[in-house]
Structures are given as C-alpha cells and as structure tokens.
Amino acid sequence: VYTWISWVIWNLGDTFIILLSLIMATRFQQISNTLKIYLEEINTSNSKFKIATVSNYKGFSCHSYVCGKVFLIKKNSTYFRSWKNHFFGQIREDYNKMANICNIWNDLFANLVIISYASNLSFILIQLFNSLRHMETVIERVYFFYSFGMVIMRTVVVSICAASVNQESKRFLPLLNSAPSDVYCVEIKRLITQIYFDSSALTGHNFFRITRGLVLNVAAAIITYELVLIQFNQATFEKFMSSNEKICY
C-alpha cells in the first residue's frame, strides 16, 4: 500500500510541475507574441505613419491589439508618443505580473521541486548501481531497461517543461532590442533592465534554477557517478578475484 501511495504521489508531483510550467510558459509566449506582432507592423508600415491597432484609441486598450481595428497615426505625433508609452508600459506590467506569479510559485512549491528532482535522481543512481549487477533472466533485463528509460524520460520531460518558463521569459530581449529608434521609450528600457537582472525561472529554494543548462549539468553529474561506480566495481572485482572469493550483490 505504501509503495502504491508513493508511486501515485511521485507521478502527481511531476505532472503538477509539468502542467503549471506549461501554463506559465504559454502566458509568457502570448505576451511576447503580442509584442512581436506590434513591432512587425511598425517595421512594415509607411515611414510617415505608424500603425496602431486598438478598438478604442481613447481608452488605450492595448489588449485588443491582435483583434482590434487598424488605423494610422502620424509619426512623432503626440497621440503616437502617448500610445507607444502606454503599449510598452502595459507589456511591462503584464511581464511583471507573470514574474510575480513565478515568485509566488517558487515560495509555495519549491519543496515539491526539490522532492521531485531528489526522487528522480535517486532512482537514476540506484538503477545505475543495479546495472553493474549480473542479470540472469531476460525478464530482469527487460524490466531494468524499461524502468531506467522511464525514469530518464520523466526527468528530461520535467526539466524541459520547467525550463520553458525561463526560455519564454527571455524571448522579449531580442524583440525589444530590435525595436526601431522612433518607438524606443523609457518603458522599453525598464523592461530590458528587469528581464536582464531578474529573469523568471522555477527554482528549488534558490539552490538551483531550472534552465536548459540544468539538464546538461545533471547528465554530467550522472556520468561522473557512473564512472566512479565502474572504477569502484572493477577494483572490488579484482580484489575478490585475487583471493578466489565470490562477489555477492
């Protein structure tokens, strides 16, 4: 019973991390897509005019940019300067809200992240240690490769999905840096500074940040552990062979 309960909690924890990560990454992607569409319209519009796509210009409703009406605003006009400051200010506020949600997630579920990675890595190391044991039956070999592959796949999927939050939050930088000079404003500068110095990412109580590079770091640590096990096992094997004793696992 306890084994079954542990297995359910283990799966639910990883599934919860994957789903929440995808939701936050999707929201970051929606905001960056809105910014990308706006900058593309600016770059392709006439040099004398700038395109503003809002359903109600007086209300400065930038959330209706994608589906709003299209009209032209004269370049360097007061309306254009006011609208661009509001638009990029709204983008920065949306990004800041998502960053705050990410911080709340780290405060509430940092223990879950640590337990998830600790359990996955523990099973990987145990399976690597068991790989040094002689397997007599085919069923035993099949079970080993199946269970080991599932643990590896689970760890990689959790890491990639959780790292997508950090990946999507950084998509704003190349877009903001490519903004034309006539639309550059203080809100863009503030957003670039915030992203550069405070990039959003899931963490385990700030012991580690889940990024794409973490997958390679974990793989390097596992390979190092496996090499140590192989060397230790070889030394033990030679020691017992010299004394004509049998090794028992």
Side-chain angles (χ1 to χ4, degrees), residues 1-22 25 102 105-167 169-170 199-249:
V1 177
Y2 291 106
T3 303
W4 185 82
I5 294 176
S6 301
W7 180 82
V8 171
I9 295 175
W10 184 29
N11 283 275
L12 288 179
D14 288 346
T15 304
F16 183 76
I17 293 174
I18 291 172
L19 293 178
L20 264 294
S21 300
L22 292 177
C102 190
W105 157 272
N106 290 329
D107 292 337
L108 295 177
F109 302 108
N111 291 330
L112 180 62
V113 173
I114 291 179
I115 292 174
S116 174
Y117 272 86
S119 59
N120 288 333
L121 292 179
S122 297
F123 276 100
I124 290 174
L125 298 180
I126 291 173
Q127 290 294 77
L128 285 175
F129 181 78
N130 290 333
S131 66
L132 302 176
R133 180 173 56 87
H134 178 67
M135 302 178 190
E136 298 179 353
T137 63
V138 177
I139 296 177
E140 192 175 3
R141 295 192 188 96
V142 171
Y143 172 76
F144 167 77
F145 286 110
Y146 171 76
S147 58
F148 184 65
M150 289 296 295
V151 175
I152 291 291
M153 184 180 68
R154 177 198 300 269
T155 306
V156 171
V157 171
V158 171
S159 299
I160 291 178
C161 291
S164 64
V165 176
N166 178 259
Q167 196 72 15
S169 68
K170 290 183 176 180
S199 59
S200 300
L202 302 185
T203 66
H205 283 300
N206 291 322
F207 287 111
F208 59 90
R209 296 168 61 87
I210 305 179
T211 60
R212 292 288 179 89
L214 181 66
V215 179
L216 297 179
N217 293 334
V218 171
I222 292 173
I223 292 174
T224 302
Y225 175 80
E226 177 68 6
L227 293 176
V228 171
L229 278 181
I230 292 175
Q231 292 177 355
F232 178 77
N233 185 71
Q234 184 67 23
T236 306
F237 180 76
E238 293 176 355
K239 175 183 177 181
F240 280 92
M241 286 297 293
S242 61
S243 59
N244 293 326
E245 296 181 12
K246 183 177 180 181
I247 302 177
C248 298
Y249 290 94

With under 30° as parallel and over 60° as perpendicular, where do the rings of Phe207 and His205 fit, or are they tilted in between?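 The rings of Phe207 and His205 stand perpendicular, inter-plane angle above 60°.
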Residue [X] excluded, over 12 heavy atoms near [atom1] under 6.0 Å:
{"X": "Ile139", "atom1": "CD1", "answer": "no"}
{"X": "Tyr143", "atom1": "OH", "answer": "no"}
{"X": "Asn206", "atom1": "CG", "answer": "no"}

Nearest 0.5 Å please: distance from the [atom1] atom of [X] over to the [atom2] atom of [Y].
{"X": "Leu20", "Y": "Leu112", "atom1": "CG", "atom2": "CG", "answer": "9.0 Å"}
{"X": "Asp14", "Y": "Leu19", "atom1": "CG", "atom2": "CG", "answer": "11.0 Å"}
{"X": "Ile152", "Y": "Phe145", "atom1": "CD1", "atom2": "CZ", "answer": "12.5 Å"}
{"X": "Phe109", "Y": "Ile115", "atom1": "CZ", "atom2": "CD1", "answer": "12.5 Å"}
{"X": "Phe208", "Y": "Asn217", "atom1": "CZ", "atom2": "CG", "answer": "11.5 Å"}
{"X": "Ser159", "Y": "Leu216", "atom1": "OG", "atom2": "CG", "answer": "10.5 Å"}

Close side-chain approach of Ile124 to Tyr225, heavy-atom, < 4.5 Å: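 Contact flag for Ile124/Tyr225 side chains = no.
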So which heavy atom on [X] is nearest to which on [Y], and how close?
{"X": "Ser169", "Y": "Ser200", "value": "OG-O, 3.4 Å"}
{"X": "Ser122", "Y": "Ala118", "value": "OG-O, 2.6 Å"}
{"X": "Leu22", "Y": "Cys161", "value": "CD2-SG, 4.2 Å"}
{"X": "Ala162", "Y": "Leu202", "value": "CB-CD1, 3.9 Å"}
{"X": "Phe144", "Y": "Gln127", "value": "CE1-O, 3.1 Å"}

N/O donor-acceptor pair under 3.5 Å between [X] side chain and [Y] backbone:
{"X": "Asn106", "Y": "Ala201", "result": "yes"}
{"X": "Ser116", "Y": "Val113", "result": "no"}
{"X": "Asn166", "Y": "Thr211", "result": "no"}

Check step by step if side-chain hydrogen bond (donor to acceptor under 3.5 Å, both in side chains) holds for Arg154 and Asn11. CA-CA 9 Å; Arg154 177 198 300 269; Asn11 283 275; 3.1 Å; yes
Please assess Val165 against Trp105 for the test side-chain contact (heavy atoms from CB on, under 4.5 Å), listing each intermediate value before the final yes or no. CA-CA 12 Å; Val165 176; Trp105 157 272; over 6 Å; no
For Leu121 and Ile222, what are the C-alpha separation, side-chain angles and deciding distance, and is it a side-chain contact (heavy atoms from CB on, under 4.5 Å)? CA-CA 8 Å; Leu121 292 179; Ile222 292 173; 4.2 Å; yes
